[in-house]
Amino acid sequence: MNYNFNEIEAKWQKFWKENQTFKAKNPYSSPGEGLGENKPKFYVLDMFPYPSGAGLHVGHPLGYIASDIYARYKRHKGFNVLHPMGYDSFGLPAEQYAIQTGQHPAITTEANINRYREQLDKIGFSFDWSREVRTSDPQYYKWTQWIFIQLFNSWYNKDIDKAQDISELIACFEKGGNTGVNAVCDSEVPRFSAGEWNEFSDKRQQEILLQYRLTYLAETEVNWCPALGTVLANDEIVNGVSERGGHPVIRKKMTQWSMRISAYAQRLLNGLQQLDWPQPLKDSQTNWIGRSKGAMVRFKVLPLVPSGEDLGGDFYSSEKETLHPSQVKWISVFTTRPDTIFGVSFMTLAPEHELVPQLTTAEQRVEVEAYIKATAMRSERDRMADVKSITGAFTGAYAEHPFTKKPIPIWIGDYVLAGYGTGAVMSVPCGDQRDYDFALHFKLPIPNIFEGVDISEEAFADKETTIIANSDFLNGLGYTEATKKAIAELEKMGRGEGIINYRLRDAVFSRQRYWGEPFPVYYDGDGMPQMLDEKFLPLKLPEVDKYLPTETGEPPLGNANEWYWMQYGDAGKVVSKEEFTSSSPEGQPERGKRIGGPLELNTMPGWAGSSFYFNRYMDPHNSEEVFSQEAINYWQDVDLYIGGSEHATGHLLYARFWQKFFYDKGLVPKSEFAKKLINQGMITGTSAFVSRISQRPDIYVSAEIIDAYNNSDTNNNAFQLIQGITGLTFDNLTFDKIHVDVNFVNLSDELDITKFKNWQPEFENAKFIPHDGPIKVLREVEKMSKSKYNVVSPDSICEEYGADSLRLYEMFLGPLEQSKPWNTAGITGVFGFLKKLWKLYHSGPDGGFHIENSLSLDGGKREALAESFKTLHKTIKKVEDDIENFSFNTSVSTFMICVNELTAQKCNHRDILEPLAIIIAPYAPHIAEELWEKLGHTQSISNAPFPKFEEKYVVESSKDYPISFNGKTRFTLKLPLDMDKTDIEKAVLAHEKTQAQLQGRTPKKVIVVPGKIVNIVG
RNA sequence: GCCUUGGUGGCGGAAUUGGUAGACGCGCUGGAUUCAAAAUCCAGUGUCUUUGACGUGUGGGUUCGAUUCCCACCCAAGGUACCA
């Protein structure tokens, strides 16, 4: 009986579905079922996919296969395993497709999901599909909206370092104004007393509260992508262009919803230490958060120097005037080197800095304005492409040095970024290369404040060896002491303080798109944002005629006929503008006053729905709560999370942020959502190329001819042939390489000529050299992509070799975390292995199922099987260790070795073959189920206990010692393992081969490592 | 530039604490079987100037012994970038 994988796999996939084999129980909610009650929990999660129209290629399931093996292994180990799957189904491609075709994104998304599901099912995953979530499902995004409301109703209290309800902030304001409140908020919040607060209008109060909320509406500089018609987050931009589509991105001021993730910067950093995540990923989050320790220093802007006054050669000598205190302006700068403060010879502000217009003198105005205009015109990309040219302009203004009291000229320059720190720097040319270059270019002084350092060529930035000089009270100090002292002095004078600055910016949360979560927000008569009451959620996406921005440039939701919120008392609904304006604000006595207004036109970004889905899986159908406390307290957090490293600074940072917010609100028991994370590597494609003669594009040649050509092997008779047909000699012959579909190529790299000719019209009349023999293709490793025709789909592999072969092969390719090329040819190895495995259980006549039943008490039988037991148990040990270390590739080798050995031993004994089926089941579940059933079991193999490794079967009594001379192994010698050092040395030295090696010399030293090696030094 | 990861046969890769480098598989070569092919099975397969020598990116070092540890460098991939 042959290994009929198609039949077997279909059978068991149906069985699992019908029996809900992998449904995870929340034990408290189904106590009667008994399952899971006494089992420890284990949560294995994959990053849920965006269901793209292209479907899956063999690279996609890699991580899913690994997590599935782990999940199945944990079930065998007696855990109650949660292994869910769902879809991140809001996103740009469906919307772009909708713009082109008018097809509603919900319809395309549904079709894509169905295709994904079909493909996933064929691979035999043990997902609990009863828990599936889709971010675009209103029953799901109801909770995304709910979380948004919670964030809106929260502020960050720095004193207790956690988020609190906004009502507590209001209470503080009412009691003592905002002077005593230590909150994370906008930088320009004015100071006010309790009395002033209570006097503020409702609108003013709302405006102030907005500056404290964890999600807030503010005019911010955003990354605007004109081609996509939307803003993008920093992590959605790669090299100055959009991640999707590669369109240019410019800076633009817009009123947008933002998330105050910066409040969590330090906790996001701290939390990394307890996480078992890949180091590169943790490093990239650390860099992204970008903590730097230094000082905030305030420089007083000096009154303008009267025009025409000669500043002379020494510009530190000008006279000062005094100003009324209310007119004094201050420029705050952030520096990591307060120790170099005496080296400041000028200041540089970002061109966008808000003080620039006020500071600029009449004489400099023209130049400054021209410079600002010029920098604004340059796109982000231009600025990045050109970092070498130094540009800037002098404002004409001066600031006072906090210690020397000398005037310092204030410049603007685009090397200072508006978005980092305060958008202004104190320039220390002797200690910073950028300041140095700027000073050199504009002929500004470069005072040296370092002991014994030459700065005539470049700046000196080495903190370690710094000794400060020419710096008054800092002279002679090193970096650490000088920094401390400088900060202490600044604090004493009230001119600055030590602070910690983060690169992490608040995250823009609005997108000018259709296919995303609508905000549960309307704008009242004052234009202030108001949250919908939770009982009205979900606020469903409205229907629109077209998915493009409106004629007035509003987001696509502006096209909706009905997109106004109207509420009387407890009754609220979405209505048209006409219905809203024609309705009575006074309402009717029994219904109450009408409230409402236009609904928010922006939608939420892609990362909204993915920032809590892992928690929602724990209780996915709960319509009362985002998840119940029982569910979250049972499942706690993700034990193993597998997904791509491309989400390092996006999804994985935002999700950690929301989790910490939930933690503050007492909604979750853990402040980190995933204990362990693994990044699976990318599977690249092996593209196929066929070469054709450049001068005669209808003639295609086999790869051997190209080899001969590249090696200048003119004797190859193909060249005579080519010359005969084309008249081209070897010397003026050139070839072009063109991609061919990898599906037209067989395992021996030979091209299927018929398929190729029928592929595209231009190949119809293709001629081939050689005419008769096979045409071989060239191979090259590239990213798997449609345009390179190197995409291999899992479906075709499953059809030809089966899902078990696919699963084994994907694991066998190499370490999970490494990127590696796909080459279908190698799959025959694991396919052959499965056939061999099948044969082990089918040693009967005509290949029928045959197993020797166990006579477990018969010691004699056991004796005969000792070798097989040894094979089995060393396999159990190795495979168990490998799974725990996520070294799946080596366990496939181990299985191969095991089956090769058992085959050689002609083993057909139940005591061996039954445990073998279990240990292989996580990897190749279909064949394992089938064999399990044949072994007489009626229950699925998936919960069978994992066989226990027993040392006694693998103990060796002797060892083949490698005998080496000066570290080089010459021969091996079998000796008992319990022999001690001295005896080993004697035995080895007495051996004739040793004597032959020594040729009469006396060894200087003999190293004996029992159980390992013997080395003779001579 | 900086941070991270990696570099081993024709190819994917193995060697878990420093102890026989190249497991396992692909490919290739030869053979068996077959009218033939596929499939299957058997044997071989790091390199070379083959009684031996050389071999884990390069050059040093530590060690009885180094793919493994240390120093310097080269190359590749990923992240990040005027971050004050």
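Residue numbers begin at 1 in each chain, while the letters A, B, ... track the order of the sequences.
Between the CG atom of A:L653 and the P atom of B:U80 there is a distance of 12 Å, given to the nearest Å. Atoms CG (A:L834) and P (B:G25) sit 13 Å apart, rounded to a whole Å. If you measure from atom NZ of A:K776 to atom C1' of B:C28, you get 10 Å, rounded to the nearest angstrom. With rounding to whole Å, A:K874 atom NZ is found 13 Å from B:C24 atom C1'. Atom P of nucleotide B:G79 and atom NE2 of A:H647 are separated by 13 Å, given to the nearest angstrom. If you measure from atom CZ of A:F334 to atom P of B:A84, you get 7 Å, rounded to the nearest angstrom. A:M811 places its CE atom 19 Å from the P atom of B:C26, with the value rounded to the nearest Å. As rounded to whole Å, 15 Å separates atom C1' of B:C83 from atom OH of A:Y502.
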key: Letter per nucleotide, 5' to 3', of nucleotides 37-47 of chain B [B base touched, S only sugar-phosphate touched, - untouched; heavy atoms, 4.0 Å]   = --SSS------
query = In B/S/- notation, 5' to 3', how is nucleotides 1-18 of chain B contacted by protein heavy atoms closer than 4.0 Å?
reply = ---S-------BSS-B--
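Contact annotation: A:R503 side-chain N/O to B:U80 OP1/OP2 distance is not under 4.0 Å. For the pair A:R434 and B:C83, the criterion of a side-chain N or O lying under 4.0 Å from OP1 or OP2 is met.
Between A:F971 and A:F965, the angle of the ring planes lies from 30° to 60°, which puts this pair in the tilted group.
When the P atom is compared between B:G18 and B:U68, the two are found 11 Å apart, to the nearest whole Å. Remark: the separation of the P atoms in B:G6 and B:A39 is 38 Å, to the nearest Å. A gap of 6 Å separates the P atoms of B:U8 and B:G57, to the nearest Å. One P atom belongs to B:G7, the other to B:C70, and the distance between them is 15 Å to the nearest Å. Here, B:C75 and B:G59 have their P atoms 16 Å apart, quoted to the whole Å. On the P atoms, B:U49 is 16 Å away from B:C54, given to the nearest whole Å. With P as the reference atom, B:U67 and B:A21 are 9 Å apart, rounded to whole Å. Annotation: B:C73 and B:C3 have their P atoms spaced 12 Å apart (nearest Å).
Considering only the side chain of A:K959, B:U20 comes nearest among B:G25, B:C83, B:U20.
Note that the CD atom of A:E884 and the OG atom of A:S891 stand 11.5 Å from one another [nearest 0.5 Å]. Remark: A:L808 CG to A:F831 CZ distance equals 12.0 Å, nearest 0.5 Å. Separation of atoms CG (A:D432) and OG1 (A:T336) is listed at 8.0 Å; rounding is to 0.5 Å. Distance CZ/A:F334 to CD1/A:I500: 8.5 Å, rounded to 0.5 Å.
In this structure, the ring of A:F5 has its center no less than 6.0 angstrom from the ring center of A:Y801. Under the 6.0 Å cut-off for aromatic ring centres, A:W822 and A:Y809 qualify, their centroids lying closer than that. Side-chain rings of A:H842 and A:Y3 stay apart, their centers remaining 6.0 Å or farther from each other. Taking the six-membered ring for Trp and the full ring otherwise, A:W411 and A:F442 have centroids separated by under 6.0 Å. Checked against a 6.0 Å centroid threshold, the rings of A:F888 and A:F812 do not count as neighbours.
Partners of A:E782 under the side-chain contact (heavy atoms from CB on, under 4.5 Å) rule, at least two apart in sequence or in another chain, are A:S687, A:F689, A:H739, A:K788, A:N790. Shown here are the salt bridge (charged side-chain N to carboxylate O under 4.0 Å, His left out) partners of A:K839, two or more places apart in sequence or in another chain: there are none. Here A:E901 pairs with A:K874 under the salt bridge (charged side-chain N to carboxylate O under 4.0 Å, His left out) rule; sequence neighbours left out. Residues passing the salt bridge (charged side-chain N to carboxylate O under 4.0 Å, His left out) test with A:K776: none are found, sequence neighbours excluded. In this view, A:K981 satisfies the side chain to side chain donor-acceptor pair (under 3.5 Å) rule with no residue, not counting sequence neighbours. Remark: A:D881 engages A:K877 in a salt bridge (charged side-chain N to carboxylate O under 4.0 Å, His left out) (not counting sequence neighbours).
Counting only Watson-Crick and G-U wobble pairs whose two key distances fall under 3.5 Å, RNA chain B forms stems of three or more stacked pairs at B:1-7 with B:74-80, B:10-12 with B:24-26, B:27-32 with B:40-45, B:46-48 with B:52-54, B:57-61 with B:69-73.
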Between the protein and nucleotides 70-74 of chain B, which nitrogen or oxygen pairs come in under 3.5 angstrom?
none

Atom pairs, N/O to N/O, protein against nucleotides 62-65 of chain B, distance under 3.5 Å?
residue : atom : partner : partner atom : Å
B:C64   : O2'  : A:N1015 : ND2          : 3.1
B:C64   : O2   : A:N1015 : ND2          : 2.6

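When each of A:T894 and A:I1013 is assigned the nucleotide of RNA chain B with its nearest heavy atom, A:I1013 is the one assigned upstream, toward the 5' end. Nearest-nucleotide positions on RNA chain B place A:S645 closer to the 5' end than the other of A:S645 and A:A424.
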task = Please report the C-alpha distance between A:R298 and A:E497 in whole Å, then the side-chain angles of each, then the deciding distance to 0.1 Å, and finally whether the salt bridge (charged side-chain N to carboxylate O under 4.0 Å, His left out) criterion is met.
result = CA-CA 9 Å; A:R298 278 181 291 280; A:E497 55 273 322; 3.4 Å; yes
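For B:G52, the glycosidic angle deviates from 0 by more than 90°, giving an anti base. Applying the 90° cutoff around 0 to the glycosidic angle, B:U50 is assigned syn.
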Please list every donor-acceptor pair under 3.5 Å in which a side-chain atom of residues 1011-1018 of chain A meets a protein atom from a residue at least two apart or in another chain.
residue : atom : partner : partner atom : Å
A:N1015 : OD1  : A:S964  : OG           : 3.2
A:N1015 : OD1  : A:N966  : N            : 3.4
A:N1015 : OD1  : A:G967  : N            : 3.0

